[in-house]
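A quick note: this is a predicted structure, and the numbers were derived from the prediction, not measured. Residue numbers begin at 1 in each chain, while the letters A, B, ... track the order of the sequences.
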Amino acid sequence: MNSSRYLRRRIRGGIFMGLSVVATLFGLGWLGVILGTLLYEGFSGIDVAVFTESTPPPGEMGGLLNAIAGSFMMGVFAVAVGTPIGILAGTYLAEYGRYTRLAFFLRFVNDILLSAPSIVLGLFIYDVMVRPMGHFSAYAGAAALAVIVIPVVVRTTENMLLLIPNQLREAAIALGATRSHVIRSVTWKAAQAGIVTGALLAIARISGETAPLLFTSLNNQFWSVNPNEPMASLPTAIFQMAMSPYEDWHRLAWSGAVIITMAVLALSITARVLESPSERR
Amino acid sequence: MVDLTVKEDVSLVLGSARLRRSYRTERTFRNMTLACALLVAVLFAGIIWSLFDGAWPAIRAFGVSFLFTEAWNPVTERFGALAPIYGTLVTSLIAMLISVPIGIGIAIFLTELCPRGLRRPIGIAVELLAGIPSIIYGIWGLFVLAPILQATFMPFFISLFGNVPLLASLFAGPPYGIGVFTAGLILAIMTLPFVAAITRDVFETVPPVLKEAAYGLGATVWEVQWKVVLPYARAGVVGGVMLALGRALGETMAVTFVIGNAHRISTSVFAPGTTISAAIANEFTEAVGELYTASLVELGLILFFVTFLVLAAAQFMLYRLESLAGERT
């Protein structure tokens, strides 16, 4: 009786454990298939023209040069604006306001912004920038991306600063340094790798963002580096090309997708490598 | 902080100009960090204000009925949010039904069954996949998944349940390939690594002592997971799932490609539909007329409100978990 009951329990356990293995194979299998098709379709379409020519009119060959340049420009703008703000805000949360009620509230708001639907952020920038300016522009696109960068950097900066042992701060204060001096030359230095990681993760996050760009920077079929005009970006170019009925454009869309994926993977792996020494500590 | 009472004495030693300068830098720096931190709250308030502002014409014109009207007609300027709300909820529900059990399965595999050597590589792979932009999942869904579903899965289900009363209407209609079900499936695949990674992190916070005690009493691996690990980690798992749900609700690109953008409610999950974010992405730049634009912005407002509730609940559960963990250690 008892041994048959034990057997039943073991069989039951075996079944469920088997299911979890199946779940893993199934889940990772899907993701493997996605990456596989992406690499296959993407790399079979990539040639020099992708990097040297601008997006073509329907039915002609072309490349993604203007979209790559646009993504790069807006990304640099967004990071240049968003990272310093994010680092300072994260510093306030971790240093000056660590236990205050205000910091608790700001932390909550920041976490909401971190996962807020990015298309809503696009609507926000449309309302405060595109409408008053009267036209779509790369400035607006960069601003929308910066709104995404800020919460990511705030969160990682705060987390990294919280890891710094208080003894470091106390030692510096005991030497007579002011609070701001301690932050700038001790805690920031100690958390340097982590803060850079946050910036890299933010870049990875925005390089694939499409929704907030659709009605801020719009899209541009031609080469343009004027930030006051609509500007192409890789994700919006992919969106437009994939939704079109043209075979050539579909190939370009796959190439664009593989470029974005490679960039994102490279950034996240770099961030991981940078972060790992502090993890071991 | 600089102590004001000793300032006089110290300034005799150091020279008051220098001390005043360092006091000023301190104050400037502190105010700068405070200003940037407050900017986060300003952004948040600005988003809500601008959505209300943009949606106001539609709110005034339709009132509460906006939420319960299925019509979406730019010509007669009749707009209602029911179809996009329905599509958003159904696609997210399908996504969660698929990704939560599989994600938990992966987490159990990673924490219990996986050979030690494979644990880190698989874990890292899952985390990297969680960072892949949604547009990649979207174009894969459009070019690869939809044709496959159209050719195999959908006709099979339609014929399988064609004569079963209730299920027949759930799986009715021609197999377009795109539609509500495809969108839900893509969302599931997209949120899967996220659910798996966060659940694994939560499982790892379970103290080994608890598990060892259960093993010591003769529990099987499954019983330990089901009766010890899951109950202990419940709040964290629910919080993580709600974070994933928040993502699924607001996701735009993975859905827009494969949903079909049809403003109607169909009982069949194979029929084309729309979601809030897909409707905004597809129509916003083409919307003419104040009321059309305002209706789309009101959709955005509804989406922001719903995701806010879900995310706030998720944050609350995760915060509670953190403070509980703090008390226990």
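Contacts between Ile112(A) and chain B at a heavy-atom distance below 4.5 Å involve backbone atoms as well as side-chain atoms. With a threshold of 4.5 angstrom between heavy atoms, Glu251(B) does not approach chain A through any atom at all. Looking at Val144(B), the atoms closer than 4.5 Å to chain A (heavy atoms on both sides) all sit in the side chain, from C-beta outward. Heavy atoms of Leu243(B) lying under 4.5 Å from chain A belong exclusively to its side chain. Val224(B) does not touch chain A: none of its heavy atoms, backbone or side chain, sits under 4.5 Å away. Only the side chain of Ile122(B) comes within contact range of chain A, with heavy atoms under 4.5 Å apart. Heavy-atom distances place both the backbone and the side chain of Phe239(A) under 4.5 Å from chain B. Neither the backbone nor the side chain of Ala204(A) has a heavy atom closer than 4.5 Å to any heavy atom of chain B. Contact of Leu267(A) with chain B is not made at all, since no heavy-atom distance falls under 4.5 Å. Contact annotation for Val33(A): both backbone and side-chain heavy atoms come within less than 4.5 Å of a heavy atom of chain B. Proximity to chain B (any heavy atom under 4.5 Å) is restricted, for Ile260(A), to the side chain, taken from C-beta onward. In this structure, the portion of Leu39(B) lying under 4.5 Å from any heavy atom of chain A is its side chain and not its backbone. Residue Ile47(B) touches chain A through both its backbone and its side chain, counting heavy-atom pairs closer than 4.5 Å. Proximity to chain A (any heavy atom under 4.5 Å) is restricted, for Leu145(B), to the side chain, taken from C-beta onward. Proximity to chain B (any heavy atom under 4.5 Å) is restricted, for Val264(A), to the side chain, taken from C-beta onward. Contacts between Ser115(A) and chain B at a heavy-atom distance below 4.5 Å involve backbone atoms as well as side-chain atoms. If you measure heavy-atom distances from Ile183(A) to chain B, the contacts under 4.5 Å come from the side chain alone. Within the 4.5 angstrom heavy-atom criterion, atoms from both the backbone and the side chain of Ser277(B) approach chain A. Of the atoms belonging to Leu102(A), it is side-chain heavy atoms, and not backbone ones, that fall under 4.5 Å from chain B. Only the side chain of Leu192(B) has a heavy atom closer than 4.5 Å to any heavy atom of chain A. Thr256(B) touches chain A through backbone and side chain together, each having a heavy atom under 4.5 Å away. Interface remark: Trp226(B) contributes no atoms to any contact with chain A (heavy atom separation under 4.5 Å). Only the side chain of Leu129(B) comes within contact range of chain A, with heavy atoms under 4.5 Å apart.
Side-chain contact annotation: Asp111(A) with Tyr319(B), donor-acceptor N/O pair under 3.5 Å present.
Counted within 6.0 Å of CZ on Arg200(B), heavy atoms from surrounding residues, nucleotides or ligands total more than 12; the atom is thus considered enclosed. Shown here is Arg12(A), whose CZ atom has no more than 12 heavy atoms of other residues, nucleotides or ligands within 6.0 Å.
With respect to chain B, the highest number of heavy-atom pairs below 4.5 Å among Arg184(A), Glu209(A), Arg205(A), His181(A) belongs to Arg184(A).
Considering only heavy atoms from C-beta on, Asn110(A) stays 4.5 Å or farther from Phe44(B) through its side chain. Tyr137(B) is listed as a side-chain neighbour of Leu31(A), based on a closest heavy-atom distance under 4.5 Å. Looking at Ile280(B) and Phe215(A), their side chains come closer than 4.5 Å, going by heavy atoms from C-beta outward. With contacts defined as side-chain heavy-atom distances shorter than 4.5 Å, the pair Val120(A)/Thr307(B) does not qualify. Inter-residue side-chain proximity for Leu43(B) and Val147(A) is flagged as met; some heavy-atom pair is nearer than 4.5 Å. The shortest side-chain heavy-atom distance between Met17(A) and Gln225(B) falls under the 4.5 Å cut-off. A heavy-atom distance below 4.5 Å is not found between the side chains of Leu34(B) and Tyr96(A). For the pair Asp127(A) and Val297(B), the minimum side-chain heavy-atom distance is 4.5 Å or more.
Residues Ile136(B) and Ala257(A) approach most closely at CD1-O, 3.4 Å, considering heavy atoms. When all heavy atoms are compared, the tightest approach of Ala242(A) to Ile139(B) is CB-CG2, 4.4 Å.
Outside the 6.0 Å centre-distance limit, the rings of Phe143(B) and Trp249(A) are not counted as a close aromatic pair. Taking the six-membered ring where the residue is Trp, the centroids of Phe316(B) and Phe108(A) are separated by 6.0 Å or more.
Relative orientation of the Phe29(B) and Trp188(A) rings is perpendicular, given thresholds of 30° and 60° on the angle between their planes.
Contacts from residues 104-113 of chain B to chain A, taken as heavy-atom pairs separated by less than 4.5 Å, involve Gly105(B), Ile106(B), Ile108(B), Phe109(B), Leu113(B) in sequence order.
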